[in-house]
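Order of the sequence lines fixes the chain letters, A, B, ..., with proteins taken first and strands second; residue numbering starts at 1 for each chain.
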There are 2 protein chains.
Amino acid sequence: MKIHPGPAGDGDNLLLTDLYEVAMVDAYLDHGMNGTASFELFVRTLPDQRNFLIAAGLEQAVAFLETARFAPDDLAWLRDHAQISNRTVEYLRDFRFSGDVDALPEGTAFFAHEPILRVTASLPEAQMMETRLINLIHLQTVIASKAARLVLAADGRPLFDFGLRRAHGAEAGLLAARAAYIAGFAGTATALAGRRFGIPIVGTMAHSFVQAHRQEAEAFINFARSRPRNLTLLLDTYDTEAAAGTVVSLAGKLAVQGIHPSAVRLDSGDLAAQSQRVRAILDAGGLSGTHIVASGGLDEHVLGSLLTANAPIDSFGIGTNLTTSSDAPALDCAYKLVEYAGFPRRKRSPGKATWPGRKQVFRSYDAGGRIRTDLLSVAEAQEPGRPLLIPVMRNGRRVGPLPDLTAIRSHAAAELASLPEPVRDLKHHATIETGISPELEALAEQADSIGQVRPDHP
Amino acid sequence: MKIHPGPAGDGDNLLLTDLYEVAMVDAYLDHGMNGTASFELFVRTLPDQRNFLIAAGLEQAVAFLETARFAPDDLAWLRDHAQISNRTVEYLRDFRFSGDVDALPEGTAFFAHEPILRVTASLPEAQMMETRLINLIHLQTVIASKAARLVLAADGRPLFDFGLRRAHGAEAGLLAARAAYIAGFAGTATALAGRRFGIPIVGTMAHSFVQAHRQEAEAFINFARSRPRNLTLLLDTYDTEAAAGTVVSLAGKLAVQGIHPSAVRLDSGDLAAQSQRVRAILDAGGLSGTHIVASGGLDEHVLGSLLTANAPIDSFGIGTNLTTSSDAPALDCAYKLVEYAGFPRRKRSPGKATWPGRKQVFRSYDAGGRIRTDLLSVAEAQEPGRPLLIPVMRNGRRVGPLPDLTAIRSHAAAELASLPEPVRDLKHHATIETGISPELEALAEQADSIGQVRPDHP
């Protein structure tokens, strides 16, 4: 199988950026500001509906850093439309990322203010990567974090990504399948995600298949004969219970041909009540081995209700609420300059102040393996606990192979298991408040000597 | 300028689909079901936060239909992983869309149950396009509909798309810029959207530029000298009012070099209060011609409050809330079989029943040019009012050139002007309830004779 984890299409085109990145690079070069800079990507505050986040997207981010380029004709366009100097055009023509990256491994649980990724490179180089780096890490982190909540709610029942159609574009749909799989989903309906990432793929039938036949029973027989393996029949095109009866009445005829319905799917109505009735109809008809799959507007709260109601549903297809992370489609993330030319930097805007300097997160656990505290300190500190950020790239190259998707998925499962119960709770907001080390507090004071001399003004 | 409106990267790869589309095509071919089918794409119900929607994405949808292909190695993979027949592999190898499309022109306002787009083609062909067609139309319609609300709230003040970084991937960011421009935004920060679609691009500076300098004043001077045109200085890295004072104190020095700050940007804090104070500082310092741009977590409700407070803000940058449509990131849209082999079809699931047959929307206006009623009828009906769906493709080819982006944007502006006041209201839910013609009611009864014979079951 061909594995092509890099960004698709326009994704490695450096013109896919906020114009101001180019404007700043132009000004940096103009003033010889090419000293070493460190930028850190982090989330300022968690959405109310998120007690924890799951880091994802590093593989695509690294592929982007390796392959990002400007096309010559794009640079000519940029020179004409953004008034950049010939020096900048030449700089960007040869642009290759040659810096260092440290990051949380994909699948790691993290909290507000903790760096997900740090880029250390010349100032123009690190600046130039900002927009697309955020875009890539943000997307998969949003989806993996939502998917993890669904996985917790499903309490072991398999979940499948059905959400390509309403994901925000091609890349969102494809990478949502990956992010959901990292967080513990069992598979996806997106065929290309199966091919590209090796994720198990599933497919049932749509209402249109039933509607295209004059009779539902004929549709079921035709589908069964053509697609006998893992046969899943959709029941709710007309009347769900009647359709369940049809499946039972056809079962003998199909069994003669060696075909047994693996599952039926319910996609509308009162899923708790319908699944009970359909289960009874199937069981009474000798189809106790036929599973029930449910889909249609599901989220973690509906899953929780269905499980509480003991709905006999064996697996779930999750669409829109997964792939758009509909209750929290964005994170308050930023990529901020924390050090330049050897000096720590920070922003002091009200409500948006940041911690300066290159940082590390040290995580401590209780005897049961649950997270006790996270401590944010300076990168070179020796603090108790496990340091979370690890070296990923040096001088533009990977320090070693990144973990494969199976390893990432196992890591994410272990991370979910390490969350304290209140943080795993899906209904109440409780998060880990990251501690700040005295060294970091001192560095912040030092950084505040830089920046602004209040001029005399009226 | 090169215009390349087609889907990027994986977007024209037919493997980017739900697996069940392929499974159904396999079964259709197996049973010789290649009669003519019509599918319609529509929104079942509007989100509470949307009184109207703006159709967008048709240009990309048509480009997809023209270029969509399976790669030979993808088909080999599909044969092995999805158990499709050799007949299906051969069919998909030569697959080219050769059907008809009727659609709402981009920029058209529409409401629940109204078809946005209809595909008429052989059943397997029309089925195969489902997932990506929804994916493309949904994305831009979501964003254009959100952008239209922001445009109404801004009441003539220019809006700029700043949201690439938190859009869901590359394609979402790029197409969000296009959809927002259609709805009336003045431009985008996304450079590639400027190049590809001819949208005006804007760029200021980031906090990192200020932080990289030892003093804010030095950062302002350096940026001004390198980027004198449309110079916009960012004020809130440290203390906003002090920064405004710095701009004033530097103005004389810059004026000697022929440089005048076009604008200052505020990105945090109490924007109403800060903009008043910054305006006063600038005016007192002789910079009454310097505009104020605001950004940072803005949505239509914040815009409304700022305008009500008479905040002296001249233009706005809108990021995340635009490009993720954060209050309604998805629409309840579907692509449903409405006719097959000459007979109307419909789904009758509770809460998800659909109107059968090929349909047309007829729109009537009052004397002031505001929408009075929308009537949903059968496609060939002669009803009073303007028919909204127009022919777009016949036999796989465009019937003519689609309108350019400027024309689409003008059309959208006229559509916004045609909305009745309660529908333009951003705080209260009021929409147009589409009427159903007697012919369509009769067709629905006829369609209900198809589908399900309730079998005798316990």
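- Neither the backbone nor the side chain of Asp161(B) comes within contact range of chain A, judged by heavy atoms closer than 4.5 Å.
- The structure places CG of Leu16(B) at 11.0 Å from CD of Glu171(A), a figure rounded to the nearest 0.5 Å.
- In terms of heavy-atom pairs under 4.5 angstrom with chain A, the leader among His138(B), His31(B), Gln127(B), Glu339(B) is His31(B).
- Salt bridge status for Asp236(A) with Lys347(B): absent, with no side-chain N to carboxylate O gap under 4.0 Å.
- Contacts between Leu139(A) and chain B at a heavy-atom distance below 4.5 Å involve the side chain alone, from C-beta outward.
- When the salt bridge (charged side-chain N to carboxylate O under 4.0 Å, His left out) test is applied to Asp270(A), no partner is found at least two apart in sequence or on another chain.
- Counting all heavy atoms, side chain and backbone alike, Ala170(B) lies closest to Gly11(A) at CB-CA, 4.2 Å.
- Heavy atoms closer than 4.5 Å to chain A are found nowhere in Ala37(B), neither backbone nor side chain.
- For Phe209(B) and Tyr20(A), the distance between ring centers is not under 6.0 angstrom.
- Of the listed residues (Asp30(B), Asp448(B), Thr237(B)), the one with the most heavy-atom contacts under 4.5 Å to chain A is Thr237(B).
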Worksheet item: Under the side chain to side chain contact (heavy atoms under 4.5 Å, CB included) criterion, do His207(A) and Thr354(B) qualify, and how do the steps go?
Response: CA-CA 11 Å; His207(A) 299 103; Thr354(B) 58; over 6 Å; no

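- For the options Cys333(A), Gly203(A), Ser208(A), Ala193(A), heavy-atom pairs under 4.5 Å to chain B are most numerous at Ser208(A).
- Glu130(B) touches chain A through its side chain: at least one heavy atom from C-beta onward sits under 4.5 Å away, while N, CA, C and O do not.
- Met33(A) touches chain B through its side chain: at least one heavy atom from C-beta onward sits under 4.5 Å away, while N, CA, C and O do not.
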Discussion item. Let's go through His168(A) and Thr324(B) carefully: what are the C-alpha distance in whole Å and the side-chain angles of both, what is the deciding distance for side chain to side chain donor-acceptor pair (under 3.5 Å) to 0.1 Å, and is it a yes or a no?
Written reply: CA-CA 8 Å; His168(A) 287 184; Thr324(B) 66; over 6 Å; no

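- Between Ala330(A) and Thr320(B), the shortest heavy-atom contact is CB-CG2, 3.1 Å.
- Only the backbone of Thr323(B) comes within contact range of chain A, judged by heavy atoms closer than 4.5 Å.
- Among Gly269(A), Ala167(A), Ala353(A), Ser325(A), the residue with the largest count of heavy-atom pairs under 4.5 Å with chain B is Ala167(A).
- The shortest heavy-atom contact between Tyr238(B) and Arg346(A) is CE2-O, 3.5 Å.
- Rounded to the nearest 0.5 Å, atoms CD1 (Ile201(B)) and NE2 (His81(A)) are 7.0 Å apart.
- Using a 4.5 Å cut-off between heavy atoms, Lys336(B) touches chain A through its side chain atoms alone.
- Remark: Arg214(A) is not positioned above the aromatic ring of Tyr340(B), lacking an NZ or CZ atom under 6.0 angstrom from the ring centre and at most 45 degrees off the axis.
- Summarising the geometry of Leu123(A) relative to Ala212(B), their closest heavy-atom pair is CD2-CB, 3.7 Å, with the distance given to 0.1 Å.
- At least one donor-acceptor pair closer than 3.5 Å links the side chain of Arg345(A) to the backbone N or O of Gln211(B).
- Of the listed residues (Thr188(B), Leu164(B), Thr131(B)), the one with the most heavy-atom contacts under 4.5 Å to chain A is Leu164(B).
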Worksheet item: Yes or no on side chain to side chain contact (heavy atoms under 4.5 Å, CB included) for Leu192(B) and Asn13(A), after CA distance, side-chain angles and deciding distance?
Response: CA-CA 9 Å; Leu192(B) 187 59; Asn13(A) 180 349; 3.7 Å; yes

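- A cation-pi arrangement is not found for Arg165(A) relative to Tyr335(B), the charged atom failing to lie both closer than 6.0 Å to the ring centre and inside a 45° cone about the ring normal.
- Using a cutoff of 4.0 Å between basic side-chain nitrogens and carboxylate oxygens, Arg166(A) and Asp332(B) are scored as salt-bridged.
- Distance alone, capped at 3.5 Å, places no donor-acceptor pair between the Asn222(A) side chain and the Tyr28(B) backbone.
- Residue Arg227(B) comes nearest to Ala27(A) through the heavy atom pair CG-CB, 4.4 Å, listed as atom of the first residue, atom of the second, then distance.
- The contact between Leu331(A) and chain B is made entirely by backbone atoms, counting heavy-atom distances below 4.5 Å.
- In terms of heavy-atom pairs under 4.5 Å with chain A, the best-connected choice from Val202(B), Asp327(B), Ile137(B), Val22(B) is Val202(B).
- Between the side chain of Asn135(A) and the backbone N or O of Gly173(B) there is no donor-acceptor pair closer than 3.5 Å.
- Atom-to-atom distance recorded for Asp10(B):CG and Thr190(A):OG1 is 11.5 Å, nearest 0.5 angstrom.
- Residues Arg195(B) and Asp73(A) are paired through a salt bridge, judged by an N-O separation under 4.0 Å between the basic side chain and the carboxylate.
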